[in-house]
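Each remark here refers to the structure printed beneath this line.
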Amino acid sequence: MIITEVRLHRVSMPLIAPFTTSFGTEYIREALLVEVTAETQNGAVTGWGECVAMEEPLYSAEYVDGCTEVIRRWLVPALTGVEGLVAESVAHHLRHVVGHPMAKAAVEMAVLDAQLRAAGQSFQSYLGATRSSVPSGVSVGIQDSIEQTLHVVAGYLDEGYARIKLKIAPGWDVEPVRAVRRMVGDDVLLQVDANAAYTLVDTSTLRRLDEFDLLLIEQPLAENDLRQHAQLASRLRTPICLDESIVSAESAADAITLGAAQVINIKPGRVGGYLEAVRIHDLAKAHGVAVWCGGMLETGLGRSANAALAALPGFVLPGDISASARFYQLDITEPVEMHGGEVEVDATPGIGRAPIPEILARFRTAEIEVCRR
Ligand code: NPQ
Ligand code: MG
């Protein structure tokens with residue numbers, strides 16, 4: 001294919017309820033969508049990508065305005081002249097730009113969507129994924145009280161979610177986790193996510209979580225603390241899962257070799273795209289390391305693509321792939337639904353769903369034409 005037009009759509013989507021993690025409270029999801037139009041052997045086709053960066057650089061170094069700039073100024077210009085562009089060569093054409101994995105992932109996703117739509121192929125079939133639905137976990141933000149936490153968790157279990165993840169932070173860890181485990185009993189899959197809020201000084205506190213039979217503790221220490229995570233792992237019974245630290249297949253290999261990660265959270269945006277995500281899946285599977293698909297409060301675009309990714313056989317733990325309704329009153333695509341603890345994998349052509357024009361227009365705060373041939 002050859003790219004003929006690229007448009008960026010900035011959308012502002014109110015969350016159903018504020019979402020608090022160890023790094024802050026979010027009220028609105030500021031999302032960035034990439035619309036790529038290309039000429040292919042089968043005619044003109046449009047593909048959509050979603051950039052998962054947050055509005056502020058709190059989860060990782062990237063943020064929406066920065067991604068907009070790097071996509072507009074550096075990434076798109078590196079692709080527009082390329083004849084015979086395929087999704088599998090996007091990362092190669094962008095390799096001279098250091099960093100910016102979420103921006104690169106969004107562009108690659110749009111090209112892959114266009115490519116699959118032109119070929120009439122679903123993402124599931126492209127990946128060779130066989131399951132038609134995937135288990136759906138839910139991420140529970142830090143609440144104002146333990147009572148409120150129990151109320152929220154009970155609601156999600158009533159809805160049928162297959163796994164609960166509690167956000168933790170120093171001062172909000174042992175007691176809320178104890179209360180939730182006591183309420184839900186031994187059989188509910190329960191895990192925690194610290195979003196890098198602790199240091200090795202907190203080892204004794206983190207050890208106290210061992211008694212609650214958690215599936216894993218996600219990213220207790222800072223992004224660059226691979227060695228410290230390995231040290232912590234040797235002192236905890238609870239398996240350590242890395243999120244922020246896993247930025248590429250290389251870092252995944254390092255984490256596995258060092259003993260820093262017994263489990264890996266794969267987020268396509270964080271690692272530079274769905275194709276790198278598949279490489280990490282393959283690597284982890286070859287090493288017997290369990291993976292699951294993380295979430296970044298995606299719109300239906302990224303959410304449906306994540307469900308297809310999570311249908312690969314190495315995704316042996318439920319992902320943070322909840323229903324659209326977990327976060328949004330109204331999604332910009334057909335909503336992703338959860339039934340009986342599972343989310344269905346789309347079998348229609350493309351990497352995910354496409355925005356519904358009227359809803360996109362309603363939430364859009366800016367539209368930038370990056371290029372037109
Ligand atoms: C995580 N997500 O696993 C993240 C982090 C996160 C579902 O727990 C706006 C946009 C707010 C993206 C808050 C979940 C966010 C965000 C947290 C991502 O660490
Ligand atoms: Mg996380």
Side-chain angles (χ1 to χ4, degrees), residues 10-33 50-67 101-102 105-106 136-143 149 152-153 156 161 163-169 172 190-198 214-223 225 229 239-247 255 261 263-271 277 291-299 301-303 306-307 310 317-328 331 336 338 343:
R10 172 79 172 254
V11 296
S12 187
M13 298 172 68
L15 299 179
I16 279 184
F19 187 53
T20 299
T21 66
S22 62
F23 55 73
T25 300
E26 302 296 314
Y27 300 86
I28 293 172
R29 185 31 162 152
E30 287 293 321
L32 179 66
L33 309 181
E50 175 168 358
C51 179
V52 300
M54 297 176 64
E55 185 178 13
E56 298 169 290
L58 303 178
Y59 164 84
S60 71
E62 291 180 278
Y63 60 101
V64 179
D65 286 343
C67 289
M102 291 177 178
S136 174
V138 63
S139 178
V140 179
I142 293 169
Q143 308 291 316
T149 307
V152 169
V153 169
Y156 289 135
Y161 280 105
R163 181 224 71 194
I164 300 289
K165 159 167 141 181
L166 300 175
K167 291 291 192 178
I168 60 168
W172 184 264
L190 183 64
Q191 63 191 57
V192 296
D193 185 359
N195 285 112
Y198 295 87
L214 303 177
L215 278 174
L216 55 91
I217 176 170
E218 184 177 343
Q219 197 71 39
L221 313 177
E223 176 177 329
D225 287 354
H229 275 107
I240 290 186
C241 169
L242 292 183
D243 172 356
E244 285 89 332
S245 296
I246 307 298
V247 296
V263 179
I264 290 176
N265 166 332
I266 297 182
K267 288 178 180 168
R270 194 194 62 227
V271 303
V291 304
W292 54 281
C293 184
M296 289 294 287
L297 281 60
E298 288 88 349
T299 72
L301 258 66
R303 196 168 290 277
N306 285 351
L317 293 169
D320 279 344
I321 308 172
S322 43
S324 296
R326 153 69 183 89
F327 291 109
Y328 306 111
D331 204 336
V336 172
M338 185 275 292
V343 165

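Both ligands and their constituent atoms are indexed starting at 1 by order of listing.
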Item checked: Criterion side-chain hydrogen bond (donor to acceptor under 3.5 Å, both in side chains) against Asp320, the qualifying member of Lys267, Arg163, Arg326 ->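 Testing each of Lys267, Arg163, Arg326 against Asp320, the sole residue satisfying side-chain hydrogen bond (donor to acceptor under 3.5 Å, both in side chains) is Arg163.
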
Notebook entry, point to check: Between Ser12 and Glu30, is any side-chain donor less than 3.5 angstrom from a side-chain acceptor?
Noted result: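 Judged by distance alone, the side chains do pair up.
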
Check whether [X] reaches the backbone of [Y] with its side chain - one donor and one acceptor, N or O, closer than 3.5 Å.
X      : Y      : answer
Ser324 : Val336 : yes
Thr20  : Gly141 : no
Gln219 : Asp243 : yes
Arg270 : Pro101 : no
Tyr198 : Ala169 : yes

Check: Knowing that exactly one of Ile321, Asn265, Ile266, Leu317 qualifies, which makes a side chain to side chain contact (heavy atoms under 4.5 Å, CB included) with Cys293?
Finding: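 So, applying the side chain to side chain contact (heavy atoms under 4.5 Å, CB included) to Cys293 and each of Ile321, Asn265, Ile266, Leu317, only Ile321 qualifies.
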
Could you check ligand 1 for N or O atoms lying under 3.5 Å from protein N or O atoms and list the pairs with distances?
unit_1   : atom_1 : unit_2 : atom_2 : d
ligand 1 : 2 (N)  : Gly295 : O      : 3.0
ligand 1 : 3 (O)  : Lys165 : NZ     : 2.9
ligand 1 : 3 (O)  : Asp193 : OD2    : 3.2
ligand 1 : 3 (O)  : Glu218 : OE2    : 3.4
ligand 1 : 3 (O)  : Asp243 : OD2    : 3.3
ligand 1 : 3 (O)  : Lys267 : NZ     : 3.0
ligand 1 : 8 (O)  : Ser139 : OG     : 2.8
ligand 1 : 8 (O)  : Lys167 : NZ     : 2.9
ligand 1 : 19 (O) : Lys167 : NZ     : 3.1
ligand 1 : 19 (O) : Asp193 : OD2    : 3.0
ligand 1 : 19 (O) : Asn195 : ND2    : 2.7
ligand 1 : 19 (O) : Asp243 : OD2    : 3.1
ligand 1 : 19 (O) : Lys267 : NZ     : 3.3

Notebook entry, point to check: Any idea how many protein N, O or S atoms are nearer than 2.8 Å to the Mg ion (ligand 2)?
Noted result: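 The number of such protein atoms is 3.
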
Notebook entry, point to check: What do you reckon, is OH of Tyr63 surrounded by more than 12 foreign heavy atoms closer than 6.0 Å?
Noted result: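 Counting neighbours around OH of Tyr63, 12 or fewer heavy atoms of other residues, nucleotides or ligands fall under 6.0 Å, so no.
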
